[in-house]
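Inspection log for the structure reproduced underneath, given as structure tokens.
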Amino acid sequence: MITVQEADHIISAQQWRHGMTVVPLLQAYGRVLAETIVADRDIPPYHRVAMDGIAIRWCDYDNGCRSFYISGTVGAGATTTAPPAENTCLEIMTGAALPPGTDTVIPYEQVIINNGIAEIKQNSVTKGQNIHTKGRDKKSGDLLIPSGTKIGPSEISVAAAVGKTQLLVVQHPRIAIFSSGNELVDVGATPLPYQIRRSNSYAIHTCLQEIGIHAEMGHLPDDLAMIKEMLQKAIEDFDVIVLSGGISMGKYDFIPQALAEISVKCLFHKVKQRPGKPIWFGTFGQNGVVFALPGNPVSTFLCLIRYTMPWLETAMKLPPKQVRFALLDGDWAFEPALQYFLPVRVKQDKMGTIWASPLKTNGSGDFASLLEGDGFLELPAEQSTFKKGDAFRIWLYR
Ligand code: AMP
Ligand code: MG
């Protein structure tokens with residue numbers, strides 16, 4: 001049996017050779033940019049007036065003129081060609097292009113307008129004030145957003161400003177999720193007394209949704225021939241397959257055998273950890289990977305957030321999540337030589353330190369306990385006693 005660290009190495013060595021795809025601008029949110037975005041023209045593209053007020057020729061002001069005859073009004077989106085004559089001004093609005101001949105804008109707050117004359121009340125007018133000059137922020141052709149950036153609202157806004165109606169982004173893997181087991185029924189069904197509703201696939205689906213992936217869901221009965229047939233089809237149609245259940249020591253745990261028989265290569269089966277010891281990982285074809293997670297819901301969930309999600313985030317070129325540590329809020333003991341993922345609730349103290357309080361749960365089948373917790377504290381296998389205040393890596397799901 002391998003260690004958690006060895007499992008990490010094996011999984012992270014499976015690099016995803018992703019493609020690229022073009023999506024409409026608004027659908028690019030949350031994805032990773034696969035092109036560079038450059039300024040299609042100067043930003044701002046013209047001398048943009050930055051205040052509502054009057055536009056004057058600085059030389060008139062400098063020559064002592066304080067009362068300007070208003071020769072017209074220019075709104076945003078309007079153009080003017082004729083420069084104002086000596087000692088005249090134009091009323092001008094924010095967002096308008098600075099009229100030719102003028103070079104200084106005085107806000108309405110600093111003028112008194114009477115009978116078509118604007119009188120300046122302000123003594124300290126500087127040449128060029130209140131003008132956001134052409135190309136001041138960026139020059140035409142400047143790099144605005146490098147390839148590899150995760151697209152958020154500010155990237156969408158800049159892409160829109162430079163006329164990108166669609167963006168080239170990193171392609172998502174096609175993912176299929178399968179639950180397994182004859183005891184499991186649909187969420188909408190009324191289970192018989194010895195049946196339960198399948199919930200794991202929903203947990204997995206939701207975690208994937210959080211990174212923008214919409215996975216397909218299926219269910220495998222405990223029947224070797226059926227499992228082989230369905231998984232054979234899946235490895236033809238999908239890049240990543242996430243399974244839950246059917247990988248332990250039970251008589252009907254056919255999944256490892258089925259995967260081997262359809263030539264999915266096992267890279268490991270079982271990791272020195274609790275929960276989630278039976279986890280199975282393998283590869284198929286050029287680029288495909290299979291995460292077969294144990295069926296107990298807490299094990300499925302832990303293995304998903306501990307192994308599958310980080311691999312997927314890397315595969316999709318998403319920025320790496322911050323590695324976080326928390327201080328154990330109470331003494332703890334765990335004897336077996338297994339990495340223990342302790343369910344915890346967290347709180348942050350005034351200094352920003354995260355404290356993790358152990359939760360009392362009924363083990364890996366106790367899926368309702370996930371509602372009480374915020375994450376799992378990863379306690380190393382080499383240790384069996386853990387002291388209050390010791391720091392450990394934490395895997396938060398909230
Ligand atoms: P297995 O790994 O198939 O032996 O399943 C271990 C336990 O997890 C059993 O009690 C199953 O009923 C339960 N289980 C497996 N898959 C699911 C699922 N999709 N949703 C809820 N419980 C499950
Ligand atoms: Mg089962």
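Note that ligands are numbered from 1 as they come in the structure, with each ligand's atoms numbered from 1 the same way.
The shortest distance between side-chain heavy atoms of Glu91 and Ile113 falls below 4.5 Å. Side-chain contact between Leu167 and Glu35 is present, with at least one heavy-atom pair separated by less than 4.5 Å. Between Phe254 and Ser180 there is no side-chain heavy-atom pair separated by less than 4.5 Å. Inter-residue side-chain proximity for Phe238 and Ile235 is flagged as unmet; no heavy-atom pair is nearer than 4.5 Å.
Atom 18 (C) of ligand 1 has Asn200 ND2, 3.1 Å as its closest protein atom, hydrogens excluded (heavy atom only). Atom 22 (N) of ligand 1 has Ile196 CD1, 3.5 Å as its closest protein atom, hydrogens excluded (heavy atom only). Residue, atom and distance of the protein heavy atom nearest to atom 23 (C) of ligand 1 are Gly295 O, 3.5 Å. The shortest contact between atom 4 (O) of ligand 1 and any protein heavy atom is with Asp253 OD1, 4.0 Å. Among protein heavy atoms, the minimum distance from atom 6 (C) of ligand 1 is reached at Asn296 N, 3.6 Å.
Here Arg197 does not pair with Asp186 in a salt bridge; the nearest charged N to carboxylate O distance is not below 4.0 Å. The pair Asp222-Lys251 does not count as a salt bridge, with every side-chain nitrogen at least 4.0 angstrom from each carboxylate oxygen.
Scanning Met249, Glu183, His219 for the heavy atom closest to atom 11 (C) of ligand 1 points to Glu183. When the options Ala203, Ser248, Gly246 are ranked by their closest heavy atom to atom 1 (P) of ligand 1, first place goes to Gly246.
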**OP:** Show your reasoning for whether side-chain contact (heavy atoms from CB on, under 4.5 Å) applies to Glu313 and Ile211.
**Re:** CA-CA 8 Å; Glu313 283 156 6; Ile211 57 167; 3.9 Å; yes
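When each atom of ligand 1 is checked for a heavy atom of Leu184 under 4.0 Å away, the hits are 16 (N), 17 (C), 18 (C), 19 (N), 23 (C). For ligand 1, the atoms lying closer than 4.0 Å to a non-hydrogen atom of Ser179 are 19 (N). Here is the list of ligand 1 atoms found below 4.0 Å of a heavy atom in Gly245: 1 (P), 2 (O), 3 (O).
Look at Ser199 and you'll find a heavy atom under 4.0 Å from some atom of ligand 1.
At a heavy-atom distance under 4.0 Å, no atom of Ile247 approaches ligand 1.
The shortest N or O to N or O distance between Arg198 and ligand 1 is not under 3.5 Å.
Ring geometry for Phe334 versus Tyr340: interplanar angle under 30°, hence parallel rather than tilted (30 to 60°).
In this structure, Asn63 contributes its side chain and Cys59 its backbone to a donor-acceptor pair below 3.5 Å.
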